[in-house]
Amino acid sequence: MSDDTDLPPVLAAGCVLWRRSPSGALEVCLVHRPKYDDWSHPKGKLKRGEDALAGALREVAEETGYAAEPGAELATLRYPVAGRPKEVRYWAAEALHGHFIPGSEVDEIVWLAPAAARERLTQPRDRDLLDTLAHAFERR
């Protein structure tokens, strides 16, 4: 039997999508995936030969309906999925303009203050990405 470390990782990318509320406070976008009934940052698998940042921005647009301006690269998360390693690169990205349309992959998005977003996120590993972004804004 093969150890999952022998398999090449599934490559994916995503963004911690943010905007400023009318009062100027930081808001973060989370997506709900009905297939998994979870809340996460927008992300997805890269297409063959696709640049990770381009893939992250494509996934944001597909899942949220928003165009985004990429900022700093955040952590790369590594974890197993169905016995295979997965590697997801993330960037902070500011939402520019757009409109969400529910679909089968993502049926709902929410814009939340960091503390509320932290509570809503399903996976603890996603909270570290949010914390990195929130701390960067606190230092501004």
Side-chain angles (χ1 to χ4, degrees):
M1 182 146 171
S2 174
D3 181 337
D4 69 356
T5 58
D6 295 338
L7 299 171
V10 174
L11 299 178
C15 293
V16 178
L17 186 63
W18 64 273
R19 70 180 183 189
R20 292 222 179 252
S21 72
S23 69
L26 175 64
E27 292 182 328
V28 176
C29 180
L30 302 182
V31 300
H32 181 259
R33 301 179 305 166
K35 178 178 179 181
Y36 304 104
D37 190 23
D38 71 350
W39 289 95
S40 66
H41 302 293
K43 67 178 176 303
K45 294 177 193 163
L46 297 178
K47 295 179 178 183
R48 186 181 311 264
E50 184 175 35
D51 173 75
L53 178 55
L57 296 173
R58 175 184 54 76
E59 286 292 336
V60 165
E62 288 176 2
E63 293 188 355
T64 70
Y66 282 82
E69 177 69 30
E73 185 168 4
L74 303 173
T76 296
L77 300 184
R78 293 172 180 86
Y79 51 93
V81 174
R84 186 158 178 209
K86 185 170 187 177
E87 185 175 292
V88 188
R89 289 178 65 185
Y90 282 95
W91 282 263
E94 183 178 8
L96 300 175
H97 53 80
H99 177 73
F100 175 69
I101 299 171
S104 60
E105 190 176 345
V106 173
D107 63 351
E108 186 179 356
I109 68 169
V110 291
W111 289 95
L112 299 170
R118 195 172 201 291
E119 290 296 315
R120 179 81 60 105
L121 284 164
T122 302
Q123 294 295 328
R125 62 181 168 252
D126 289 337
R127 294 181 186 124
D128 292 337
L129 296 165
L130 174 64
D131 292 346
T132 299
L133 179 71
H135 291 314
F137 271 80
E138 288 171 4
R139 290 192 302 266
R140 285 182 160 191

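What you see below is based on every heavy atom in this structure, not just the backbone, and it leaves out hydrogens, waters and symmetry mates.
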Inset, instruction - Working to the nearest 0.5 Å, report the span between CD of Glu119 and CG of Leu130. - result: 10.5 Å
Legend entry - Pairwise distance CG(Asp107) to CG(Asp37) - rounded to 0.5 angstrom: 8.5 Å
Inset, instruction - Output yes when a side-chain donor or acceptor of Glu138 lies under 3.5 Å from a complementary backbone atom of His135, and no otherwise. - result: no
Legend entry - From Cys15 atom SG to Glu69 atom CD, the distance as rounded to the nearest 0.5 Å: 10.5 Å
Legend entry - Note, Trp111 side chain near Leu17 side chain (heavy atom, < 4.5 Å): yes
Legend entry - same_hphob_cluster(Phe137, Leu129) at 4.5 Å side-chain heavy-atom cutoff: yes
Legend entry - pair Pro70-Glu94: side-chain heavy atoms closer than 4.5 Å: no
Legend entry - Result of checking Arg58, Lys45, Arg89 against Glu50 for salt bridge (Lys or Arg N to Asp or Glu O under 4.0 Å): Arg58
Inset, instruction - Measure the shortest side-chain to side-chain distance between Val10 and Pro85 over non-hydrogen atoms and say whether it is less than 4.5 angstrom. - result: no
Inset, instruction - Over all heavy atoms of both residues, which pair between Leu30 and Leu112 is shortest? Give the atoms and the distance, please. - result: CD1-CD1, 4.2 Å
Inset, instruction - Using modelled atom types only, decide if a donor and an acceptor are shared between the side chain of Arg84 and the backbone of Pro8 within a distance under 3.5 Å. - result: yes
Inset, instruction - State, to 0.1 Å, how close Trp91 and Gly71 come at their nearest heavy-atom pair, and which atoms those are. - result: CD1-O, 3.6 Å
Inset, instruction - Measure up the Trp39 and His32 rings against each other and bin them: parallel (under 30°), tilted (30 to 60°), perpendicular (over 60°). - result: tilted
Inset, instruction - Taking the side chain as every heavy atom from C-beta outward, state whether Arg78 and Thr76 have any atom pair closer than 4.5 Å. - result: yes
Inset, instruction - Evaluate the side-chain contact (heavy atoms from CB on, under 4.5 Å) criterion for residues Tyr79 and Arg125: first the C-alpha distance (whole Å), next the side-chain angles of each, then the deciding distance (0.1 Å), finally the verdict. - result: CA-CA 9 Å; Tyr79 51 93; Arg125 62 181 168 252; 3.3 Å; yes
Legend entry - Nearest atoms (heavy-atom pairs only) where Pro114 meets Ala134: CB-CB, 4.1 Å
Legend entry - Pairwise side-chain contact, Glu105 with Glu63, heavy-atom cut-off 4.5 Å (strictly under): yes
Legend entry - Min side-chain heavy-atom separation Leu26-Trp18 under 4.5 Å: yes
Legend entry - Over all atoms of both residues, closest heavy-atom pair of Ala68 and Leu57: O-CD2, 3.8 Å
Legend entry - ILVMFWY cluster, Val60 and Leu53 together (side-chain gap under 4.5 Å): no
Inset, instruction - Just do the salt bridge (charged side-chain N to carboxylate O under 4.0 Å, His left out) check on Glu27 and Arg19 with the steps written out, would you? - result: CA-CA 5 Å; Glu27 292 182 328; Arg19 70 180 183 189; 2.7 Å; yes
Legend entry - Distance in Å, Glu87 CD paired with Leu46 CG, rounded so as to fall on 0.5 Å steps: 9.5 Å
Legend entry - Connected via hydrophobic side-chain network under 4.5 Å: Leu74 and Leu121: yes
Inset, instruction - Using a 4.5 Å cut-off on heavy atoms from C-beta on, say whether the side chain of Val31 contacts that of Ser40. - result: yes
Inset, instruction - Group every Ile, Leu, Val, Met, Phe, Trp and Tyr by side-chain heavy-atom contacts under 4.5 Å, then state whether Val81 and Val88 land in the same group. - result: yes
Inset, instruction - May I have the step-by-step check of side-chain contact (heavy atoms from CB on, under 4.5 Å) for Ile109 and Tyr66, ending in yes or no? - result: CA-CA 11 Å; Ile109 68 169; Tyr66 282 82; 4.1 Å; yes
Inset, instruction - Examine distances only and state if a side-chain atom of His41 and a backbone atom of Asp126 form a donor-acceptor pair shorter than 3.5 Å. - result: yes
Inset, instruction - Treat each ILVMFWY residue as a node, draw an edge where side-chain heavy atoms are under 4.5 Å apart, and state whether Val106 and Val110 are in one component. - result: no
Legend entry - Check: Arg118 and Arg127 side chains under 4.5 Å, non-hydrogen atoms: yes
